Engineer: 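Structure provided below as structure tokens; questions to follow.
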Amino acid sequence: MDITLIFDFFPKLISYLHITLLILVAAVAIGLVIGVVIALIRIYKVPVLNRLAFIYISFMRGTPILIQLFLIYFGLPALLTLVHIDASRANPLLFVAITYGLSCGASFAEIIRGAINGVEKGQAEAAYSIGMNEKQMMVRVILPQALVIAFPNFANSVIGSLKDTSLAFTIGVMDMVGRGNTLIATSLHALEIYLTLSMIYYGVVICLEKGFSLSEKKLQRFEGSLSAEK
């Protein structure tokens, strides 16, 4: 082991950090949209869709992300050929974004549903009693409180998704881990490269944790100011 090689590998690996962050941002954006829709379906118990939403969440949370990645990468193009669409040459990043977006969506849906259900039911009754309709009650009373409840779990889910992105290289995405594997093949210094990768990932996680911690405190102050106004 040559510890000084870490300084050589660090710039080569961190130059691919933007790919990893791009995957994360895309996954969170897609996941939020899916999560909100699925959560509302589950909360209002929409016939048929509620059952489908339950199966979707159960499947995504009960299967490894690597298996999901392969299912989307190999299965989606096969399905699209049935409608005469050739996706065999699509950028692997697209399949990664879809897979991680679906995975995040399942987690976010349960986080959002749990947070909304976690708001005291008396809050809704009080909102109705002063003349608010259901939309006003949800936007002005329930959601601000639910956001505070959901935020810690949301932050943990995002950090978990960041670490899951390390599997994107398995379908040919040249992210940090993908670049690390090419360096291992040419240099044969696997330990030094994986140490460098662990340092980069850990540094990003620390930054995210600090950012989420500050955001959570601001949300709590904002929610407190709303409660004071009421």
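None of these values were measured; they are calculated from a predicted model. Starting from 1, each residue takes its place in the sequence as its number.
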Engineer: Looking at side-chain heavy atoms only, is the closest gap between T20 and L24 below 4.5 Å?
Structural biologist: no

Engineer: With a 4.5 Å heavy-atom cut-off, do I6 and M199 have their side chains touching?
Structural biologist: yes

Engineer: Hey, any chance F10 and Y194 share a hydrophobic cluster, counting ILVMFWY side chains that come within less than 4.5 Å of each other, even indirectly?
Structural biologist: yes

Engineer: How close do I14 and I200 get, heavy atom to heavy atom, and via which atoms?
Structural biologist: N-CD1, 3.9 Å

Engineer: Can you name the closest pair of heavy atoms from I193 and S187 and give their distance?
Structural biologist: CD1-OG, 3.8 Å

Engineer: Step by step, would you call D86 with L80 a side-chain contact (heavy atoms from CB on, under 4.5 Å)?
Structural biologist: CA-CA 7 Å; D86 183 12; L80 290 177; over 6 Å; no

Engineer: Are Q136 and N133 packed together at the side-chain level, in the sense that at least one heavy-atom pair is separated by less than 4.5 angstrom?
Structural biologist: yes

Engineer: Would you say V25 ends up clustered with L32 if hydrophobic residues are merged whenever their side chains have heavy atoms under 4.5 Å apart, either directly or through other cluster members?
Structural biologist: no

Engineer: Name all pairs fulfilling the ring-ring contact (aromatic ring centres under 6.0 Å, His included) condition that reach into residues 43-97, sequence neighbours left out, sorted by first residue then second.
Structural biologist: Y73-F95

Engineer: Quick one: does any side-chain atom of E216 pair with a main-chain N or O of P152 as donor and acceptor, under 3.5 Å?
Structural biologist: no

Engineer: CE of M138 to CD1 of I43: how many Å apart, nearest 0.5 Å?
Structural biologist: 6.0 Å

Engineer: Between A150 and A115, which heavy-atom pair has the shortest distance, and what is it?
Structural biologist: CB-CB, 3.6 Å

Engineer: Rounded at 0.5 Å granularity, tell me how far CE in M176 sits from CG in L183.
Structural biologist: 12.5 Å

Engineer: Looking at A53 and I41, what are the two nearest heavy atoms and their distance?
Structural biologist: CB-CG2, 4.2 Å

Engineer: Do the side chains of L143 and I116 get nearer than 4.5 Å, heavy atoms only?
Structural biologist: yes

Engineer: Measuring from atom CD of E209 to atom CD1 of I159, what distance do you get when rounded to the nearest 0.5 angstrom?
Structural biologist: 4.5 Å

Engineer: Decide yes or no for D2 and E192: does some side-chain heavy atom of the first lie under 4.5 Å from some side-chain heavy atom of the second?
Structural biologist: yes

Engineer: Test your reading of the model: is there a side-chain donor-acceptor pair from S103 to the backbone of Y100, 3.5 Å cut-off?
Structural biologist: no

Engineer: What distance do H189 atom NE2 and L195 atom CG have between them, rounded to the nearest 0.5 Å?
Structural biologist: 13.0 Å

Engineer: Return the minimal non-hydrogen interatomic distance between A190 and I184, and the atom names on each side.
Structural biologist: CA-CG1, 3.8 Å

Engineer: Only one of I23, I98, D175 passes side-chain contact (heavy atoms from CB on, under 4.5 Å) with L93; say which it is.
Structural biologist: I23

Engineer: Using atom types as modelled and distance alone, determine if a side-chain donor or acceptor of Q145 lies under 3.5 Å from a backbone N or O of V141.
Structural biologist: yes

Engineer: Are F151 and V33 co-members of a hydrophobic cluster defined by side-chain heavy atoms under 4.5 Å apart?
Structural biologist: no

Engineer: Can you classify the ring geometry of F108 versus F154 as parallel (below 30°), tilted (30 to 60°) or perpendicular (above 60°)?
Structural biologist: tilted

Engineer: Please check if V158 and Y202 belong to a single hydrophobic cluster, counting links between Ile, Leu, Val, Met, Phe, Trp and Tyr side chain heavy atoms closer than 4.5 Å.
Structural biologist: no

Engineer: I206, Y201: one ILVMFWY side-chain cluster at the under-4.5 Å cut-off?
Structural biologist: no

Engineer: Taking all non-hydrogen atoms of both residues into account, name the closest pair between A97 and I30 and its distance.
Structural biologist: O-CD1, 3.7 Å

Engineer: Could you grab the distance from atom CG of L102 to atom CD1 of I72, nearest 0.5 Å is fine?
Structural biologist: 5.5 Å

Engineer: Could you state the interatomic distance from CG (L22) to CG (L17), rounded to the nearest 0.5 Å?
Structural biologist: 11.0 Å

Engineer: I'd like to know if the side chain of S161 and the backbone of S157 have a donor-acceptor N/O pair within less than 3.5 Å.
Structural biologist: yes

Engineer: In sequence, state the C-alpha distance, the side-chain angles, and the governing distance for T196 and K12, and then conclude on side-chain contact (heavy atoms from CB on, under 4.5 Å).
Structural biologist: CA-CA 10 Å; T196 307; K12 295 176 181 178; over 6 Å; no

Engineer: Could you walk me through whether I57 and R42 pass side-chain contact (heavy atoms from CB on, under 4.5 Å), step by step?
Structural biologist: CA-CA 11 Å; I57 292 171; R42 297 274 284 146; 4.1 Å; yes

